[in-house]
Amino acid sequence: MTPVKHNLVALGSAAVLAVYAAGYTRTRSAAQRFATESADRRPPAATPPRVAPLEPAATPRSESPTLDTAAASVLSPKKHVDAPSRAGGKASRHVDSTSTPPAAPAETVAPPVIKPPATPTPDSSAKAVAVQATDSATQPADQSRPYKDGTYSGWGTSRHGDIEATVLIKDGRIAAAIISQCLTRYSCSWISQLPGQVAARQSPEVDFVSGATESTNAFYYAVVEALKKAK
Amino acid sequence: MTDAYVRTIASMGTVVTIHVVGHGANRVDETGRKRGVDAALAWFDEVERSCSRFDPRSEVSQLSTRIGARVPVSDLLFEAVRFALAVAEESGGAFDPTVGLLLETRGFNREYRSGAVVRTALEPDDDATYRDVHLDADERTIMLARPLVLDLGAVAKGLAIDMAARELRGRSFADFAIDAGGDLYLAGRNADGKPWSVGVRHPRDHQTLFETLRVSNVAVCTSGDYERRTPGDDGGAEHHIMDPRTRVSASTAASVTVLASSAMVADALGTAAFVLGPERGLELLERDGVDGVIITPALERFATRGMRAEYLVEGRSSGFDS
């Protein structure tokens, strides 16, 4: 083992301070963009031109799917009504980790198919599934209504299996995105929490869970696929 | 957690959520909270734009188009690379940020939003190591002495978490949590006024938690072999944490969880410890003054002294092997 050459903890703190001092003003525009996003969702470019990487704040940015919500009102009443009625039985899936059938933990077991319930259940609890107002990087730039209203589904693939996402387009924008089907080698319950409880992945037991989410990617591929159909 | 402001974006290949606890409900507080969280989240995009090897226009990708040249870079990229190189040296090369091309050729090559495949126009040089990355601190330049692609995956996300935490602290928030795909920073207390409870995911059974920790003002990062596997025909035998010295994925640990005051430190040291395996990994963590627990594929637990003494919740912490 190499002898100690660096105090990594001190070096890490110094790095954060240096970047913070240098970058404070640069992030201001990005912060403003997040702030105005919910009011005026400007469709982003899929691959924003970035000719000046050293001054990123001055260039267009690729938008992130964004959820903006207070925990006390994870789903607004309006969306409760809209999402299921538009999405219909095939799309909406009420996700509740406690009610998910226990899936086989082993890698060797055949993929469990979790069907969405026939009647979607609008739910005022924080466990309801619909993703609120999601922007996607696939939206073309400079069109105020990039998508046709309706409900669209697409599949995303990961090493662990496939995920079907269903997106609800309302007024040309993504009003909700959910996982409607899940065919993976592992349990779907924690994946299902992605869109609704998204990254918090809270459980009754703990505030947060440390450990990565391998199927995040599959969810995004699925959403991207679904959005292609909405154009 | 009723009295909390929560906001989520997708960035850096994962889902990022920030919770800010409480502070009442008047308009002024609410607006300040939103602005603070927006500013904190902006760092994730900022870091991604400099440090993502999946984006051909990122600063780090641009470096690979100018092999042998001293390229002026932003403070952000410079600090990220400087830190990555320090960890590489500290771990004797068990952590090495020059594995970008290796990861790319093994199929870890898709941009998460578009699904676009990245293909760097470089012949892989199997002899390239972190020693081929030259920094000039005065000029703020980086020079790649051999054809290579920097993978800052184990540093950049942690840096973004640290920047977001710094941003929130700078705005006088004391109680908040940042979750970037299971890498966490927990500040102050949760909505119940208690230290945050954090579950460490079981590396083989995703339904259960391996440990439960009570933490405050600390980053908790977990590297696991279950995370991302190769998309090849081998049934996903390889995962994304390569041993840079053998150029195959490391196999003596199933997951490593590290607690440190900085997420960048926790994430990078966790990755290094993962590659080193239980004994030497634990040694590295102890030596660098951070706490952690290493779980082997046989589900044996190896924990640092501080980890056993401070963080493990009563009743769940028995049976440590180390």
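No experiment lies behind these values; they were computed from the predicted model shown. In what follows, chains carry the letters A, B, and so on, assigned in the order in which the sequence lines appear, proteins first and then strands, with residues in each chain numbered from 1.
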**OP:** Decide yes or no for B:Leu159 and A:Val16: does some side-chain heavy atom of the first lie under 4.5 Å from some side-chain heavy atom of the second?
**Re:** yes

**OP:** Between chain A and each of B:Ala86, B:Ser255, B:Ala177, B:Gly158, count heavy-atom pairs under 4.5 Å; write down the option with the most.
**Re:** B:Ala86

**OP:** Side-chain contact test, heavy atoms from C-beta onward, threshold under 4.5 Å: evaluate it for A:Val19 versus B:Phe78 and give yes or no.
**Re:** no

Subject >> Minimum heavy-atom distance A:Tyr20-B:Glu167, with the two atoms named >> reply: CE1-OE1, 3.5 Å

**OP:** Please look at B:Leu269 and chain A and tell me whether the side chain, the backbone, both or neither of the residue comes under 4.5 angstrom of a heavy atom of that chain.
**Re:** side chain

Original post:
With B:Ser61, which residues qualify under side chain to side chain donor-acceptor pair (under 3.5 Å), at least two apart?
Top reply: B:Ser58

**OP:** Identify which of B:Val290, B:Leu186, B:Ile18, B:Asp162 forms the greatest number of heavy-atom pairs closer than 4.5 Å to chain A.
**Re:** B:Asp162

Original post:
Who are the side chain to side chain donor-acceptor pair (under 3.5 Å) partners of B:Arg82, not counting sequence neighbours?
Top reply: B:Glu79

**OP:** Taking all heavy atoms of B:Met264 and all of A:Gly12, pick out the closest pair and write down the distance.
**Re:** CE-CA, 3.8 Å

Subject >> Check: A:Ser210 side chain, B:Gly182 main-chain N or O, donor-acceptor pair, under 3.5 Å >> reply: yes

Original post:
Are any of the side-chain heavy atoms of B:Ser262 and A:Val9 separated by less than 4.5 Å?
Top reply: no

